[in-house]
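In what follows, every chain begins at residue 1, and chains take the letters A, B, ... in the order their sequences are listed. Nothing here was measured: the structure is a model prediction, and the numbers come from that model. The figures here come from the full heavy-atom set of this structure, side chains too, leaving out hydrogens, waters and symmetry mates.
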Amino acid sequence: MNGELRLYNTASLQKETVGERELGLYVCGVTPYDTTHLGHAFTYTAFDVLVRYLRFCGRRVTYVRNITDIDDDVLLRAHSTGVDWKELGDREYAKFAEDMRRLNNLPPEVEPRATGHIPEILRITEELVRSGLAYEKDGCVYFEVKKYPQFGRLCRLSYVAQLDLANERGNFPADPLKRDPLDFVLWQAKKDGEPSWPSPWGEGRPGWHIECSAMSMRYLGDSFALHGGGDDLIFPHHDAEIAQSENFTGKPFVRHWAHTGMVFCGRHKMSKSLGNMVFVSELLDKIPADALRLLLLSHHYRSAWNFEPRELIAARRLTRLLRERLADADPEDESAIEEHGAAFLEATADDLDTPRALLELREMAEGGVAAERRAARALAERVLGLNFDLK
RNA sequence: GGCGGCAUAGCCAAGUGGCUAAGGCGACGGUCUGCAAAACCGUUAUUCCCGGGUUCAAAUCCCGGUGCCGCCUCCA
């Protein structure tokens with residue numbers, strides 16, 4: 001299999017060929033303090049298909065997806081519910097992992113936790129302080145945005161625009177320790193009751209962004225091919241990662257950025273604060289995992305979409321159709337794929353166009369030729385991750 | 001204000017210069033059934049937000065306009 005893949009790159013706003021035979025993929029994972037909703041499932045299923053497709057094409061992919069297990073959200077939730085933060089994180093992560101397993105998403109090679117990489121985090125922070133890009137104040141360390149003119153190049157927001165905006169909205173930082181409202185924290189001093197680790201600046205804990213720089217470079221090297229996540233992470237998270245990493249190594253951090261669109265419910269972005277979430281575990285109790293995957297994959301990974309309950313009906317029907325038509329088709333027939341899989345694979349190779357691929361799949365399944373159905377079965381299992389055996 | 005995206009039937013949506021504008025949901029008609037549901041068959045856009053332009057030919061390309069949406073230190 002040739003394995004051409006043209007993937008949209010947020011850094012260039014264009015589809016670009018991903019050509020590496022061996023590559024690293026880092027996807028920003030969850031902060032484990034609440035239940036997995038459909039938006040998480042959409043993002044991680046998209047990257048799951050990306051990984052499956054690349055491997056199907058004979059590429060070697062090292063897939064890393066982190067767990068940000070120390071963070072304001074976790075501590076806040078732990079405090080308000082009276083649960084130990086570590087226990088909360090473990091429990092919520094276990095639920096997330098179970099949802100992913102039921103969805104038939106492959107586990108990443110590495111699922112690093114922020115708390116397991118404090119030495120790496122400190123090393124980067126120290127180096128940034130040493131090189132003058134970060135400064136310490138009262139036990140906190142900040143990245144100084146002004147010292148890095150390229151800051152914000154992924155989101156294409158100019159420094160001035162960001163600053164104007166911040167001032168306009170009276171959104172100036174509550175943090176008097178910052179030299180600039182846009183500076184972001186690398187290390188924060190311990191507050192009462194919070195977990196902490198020793199550092200050159202005293203007891204404290206990592207800031208938000210830094211853990212992803214530390215973990216991605218630890219497992220994939222200073223420069224790697226692909227970095228992904230939801231498009232709500234472009235700014236500030238991914239821009240901050242670039243700033244930290246490139247100033248630490250002096251090398252380009254990531255070649256290709258891939259971002260998934262947001263899932264809405266009732267015309268609003270699905271979010272914890274609005275309470276309009278559709279939970280993966282609840283959906284999986286109602287419909288087969290294959291149906292939920294088909295529902296998710298019927299939307300292109302980059303476009304935002306609104307969840308409509310009636311989509312469940314269509315997804316279930318397609319699932320039934322595929323199962324009936326492909327029940328006894330041999331999924332290991334390579335020649336059938338060669339002969340009949342071209343249109344499907346072409347759609348997948350074109351910026352992971354799963355809606356189009358699904359159309360091709362349906363056509364193959366409905367076709368009268370047995371080899372076509374074998375190709376459909378093989379591609380559905382191996383590229384789309386459908387599991388015809390699950391209930 | 002900056003950046004990005006989208007406008008195609010009741011709804012979701014494919015389409016990236018040329019056969020009769022995919023498909024799905026819904027609706028309606030039919031077959032089946034004691035009735036209903038399910039399943040299956042059929043019908044459902046002379047037209048692609050508006051105005052210009054390019055072309056033998058545009059939903060598709062160009063210019064202008066209008067409308068909607070997302071992000072902008074909680075966020076997949």
> Other than L233(A), which residues form its hydrophobic cluster under the rule that side-chain heavy atoms must be closer than 4.5 Å?
Replying inline: W208(A)
>> Suppose you measure atom C1' in A13(B) against the same atom in A45(B); what distance do you get, rounded to whole Å?
In response: 14 Å
>> Does this structure show an ion pair linking R91(A) with E87(A), if we count only N-O contacts that are shorter than 4.0 Å?
In response: no
> Does W305(A) make a side-chain N or O approach to OP1 or OP2 of A13(B) shorter than 4.0 Å?
Replying inline: no
> Of all residues at least two apart in sequence or in a different chain, which pass the salt bridge (charged side-chain N to carboxylate O under 4.0 Å, His left out) check with D232(A)?
Replying inline: K269(A)
> When you compare C6(B) with U60(B), how far apart are their C1' atoms, in angstrom units rounded to a whole number?
Replying inline: 16 Å
>> Suppose you measure atom C1' in G26(B) against the same atom in C12(B); what distance do you get, rounded to whole Å?
In response: 11 Å
>> Can you list everything that forms a salt bridge (charged side-chain N to carboxylate O under 4.0 Å, His left out) with R316(A)? Sequence neighbours excluded, please.
In response: none
> Say you pick atom C1' in G24(B) and the same atom in C63(B); how far apart are they, in whole Å?
Replying inline: 36 Å
>> I'd like the C1' distance from C74(B) over to C11(B), given in whole Å.
In response: 33 Å
> Under 4.0 angstrom, heavy atoms only, what part of the nucleic acid is F42(A) near: base, sugar-phosphate, or nothing?
Replying inline: nothing
>> Please list all pairs meeting salt bridge (charged side-chain N to carboxylate O under 4.0 Å, His left out) that have one or both residues in residues 196-211 of chain A, counting only residues at least two apart or in different chains.
In response: D72(A)-R205(A), E194(A)-R205(A)
> In chain order, what residues pass the salt bridge (charged side-chain N to carboxylate O under 4.0 Å, His left out) check against R218(A), with sequence neighbours excluded?
Replying inline: E120(A)
>> Applying salt bridge (charged side-chain N to carboxylate O under 4.0 Å, His left out), can you list everything that pairs with E98(A), at least two apart in sequence or on another chain?
In response: R101(A)
>> Over all strands shown, is A304(A) touching base, sugar-phosphate only, or nothing at heavy-atom distances under 4.0 angstrom?
In response: nothing
> Can the ring centres of F184(A) and F151(A) be said to be less than 6.0 Å apart?
Replying inline: yes
>> Whole angstroms only, please: what is the CG-P distance between L358(A) and G24(B)?
In response: 13 Å
> Which sits closer to the 5' end of RNA chain B, D183(A) or G229(A), going by the nucleotide each is nearest to?
Replying inline: D183(A)
Protein-nucleotides 5-12 of chain B N/O pairs under 3.5 Å:
from, atom 1, to, atom 2, distance (Å)
C11(B), O2', R310(A), NH2, 2.3

> Whole Å only: how far is the CG atom of D99(A) from the P atom of A76(B)?
Replying inline: 14 Å
> In whole angstroms, how far is the C1' atom of C3(B) from the CG atom of D239(A)?
Replying inline: 12 Å
>> S80(A): which residues meet the side chain to side chain contact (heavy atoms under 4.5 Å, CB included) condition with it, sequence neighbours left out?
In response: R77(A)
> What nucleic acid atoms does G29(A) come within less than 4.0 Å of, heavy atoms only: base, sugar-phosphate, or nothing?
Replying inline: sugar-phosphate
> What nucleic acid atoms does H259(A) come within less than 4.0 Å of, heavy atoms only: base, sugar-phosphate, or nothing?
Replying inline: nothing
>> Between R362(A) and M270(A), which residue's closest nucleotide on RNA chain B lies nearer the 5′ terminus?
In response: R362(A)
> Under the 4.5 Å side-chain heavy-atom rule for ILVMFWY, direct or indirect, which residues accompany M262(A)?
Replying inline: F264(A)
>> Among residues at least two apart in sequence or on other chains, which ones pass side chain to side chain donor-acceptor pair (under 3.5 Å) with H209(A)?
In response: H237(A)
> Roughly how many Å is it from CG in D353(A) to P in G23(B), rounded to a whole number?
Replying inline: 17 Å
>> Would you measure the distance from the P atom in U43(B) across to the matching atom in G23(B) and give it in whole Å?
In response: 10 Å
>> My validator wants the stems of RNA chain B: runs of 3 or more consecutive Watson-Crick or G-U pairs, both distances under 3.5 Å, written as range with range.
In response: B:1-7 with B:66-72, B:10-12 with B:23-25, B:26-31 with B:39-44, B:49-53 with B:61-65
>> If I compare all heavy atoms of F388(A) with all of L322(A), which pair ends up nearest, and what's the gap?
In response: CE2-O, 3.9 Å
> From the list A76(B), G23(B), C25(B), which nucleotide is the closest neighbour of the side chain of M262(A)?
Replying inline: A76(B)
> Side chain of P236(A): nearest nucleotide among U73(B), G24(B), A22(B)?
Replying inline: U73(B)
> Looking only at atom P, what distance separates G5(B) and A37(B), rounded to whole Å?
Replying inline: 46 Å
> Rounding to a whole Å, what distance do you find between D351(A):CG and U16(B):P?
Replying inline: 16 Å
> Given atom CD1 of I234(A) and atom C1' of C75(B), what is their separation to the nearest angstrom?
Replying inline: 13 Å
Protein-nucleic acid N or O pairs under 3.5 Å, nucleotides 38-45 of chain B:
from, atom 1, to, atom 2, distance (Å)
A39(B), OP1, R320(A), NH2, 2.7

>> Roughly how many Å apart are G10(B) and U47(B), using the P atom of each and rounding to a whole number?
In response: 13 Å
>> What's the closest nucleotide to the side chain of I313(A) if the choices are C25(B), A76(B), G15(B)?
In response: C25(B)
>> Quick check: H37(A) with F279(A) (ring centres under 6.0 Å apart)?
In response: no
> Just how far, in rounded Å, is P of G24(B) from CG of L296(A)?
Replying inline: 20 Å
> With sugar-phosphate meaning primed atoms plus P, OP1 and OP2, does V27(A) contact a base, only sugar-phosphate, or nothing at under 4.0 Å between heavy atoms?
Replying inline: nothing
>> In this structure, how many angstroms lie between the P atom of C25(B) and the CG atom of L359(A), rounded?
In response: 13 Å
> Are the side chains of K95(A) and T36(A) in touch, meaning some heavy atoms are under 4.5 Å apart?
Replying inline: no
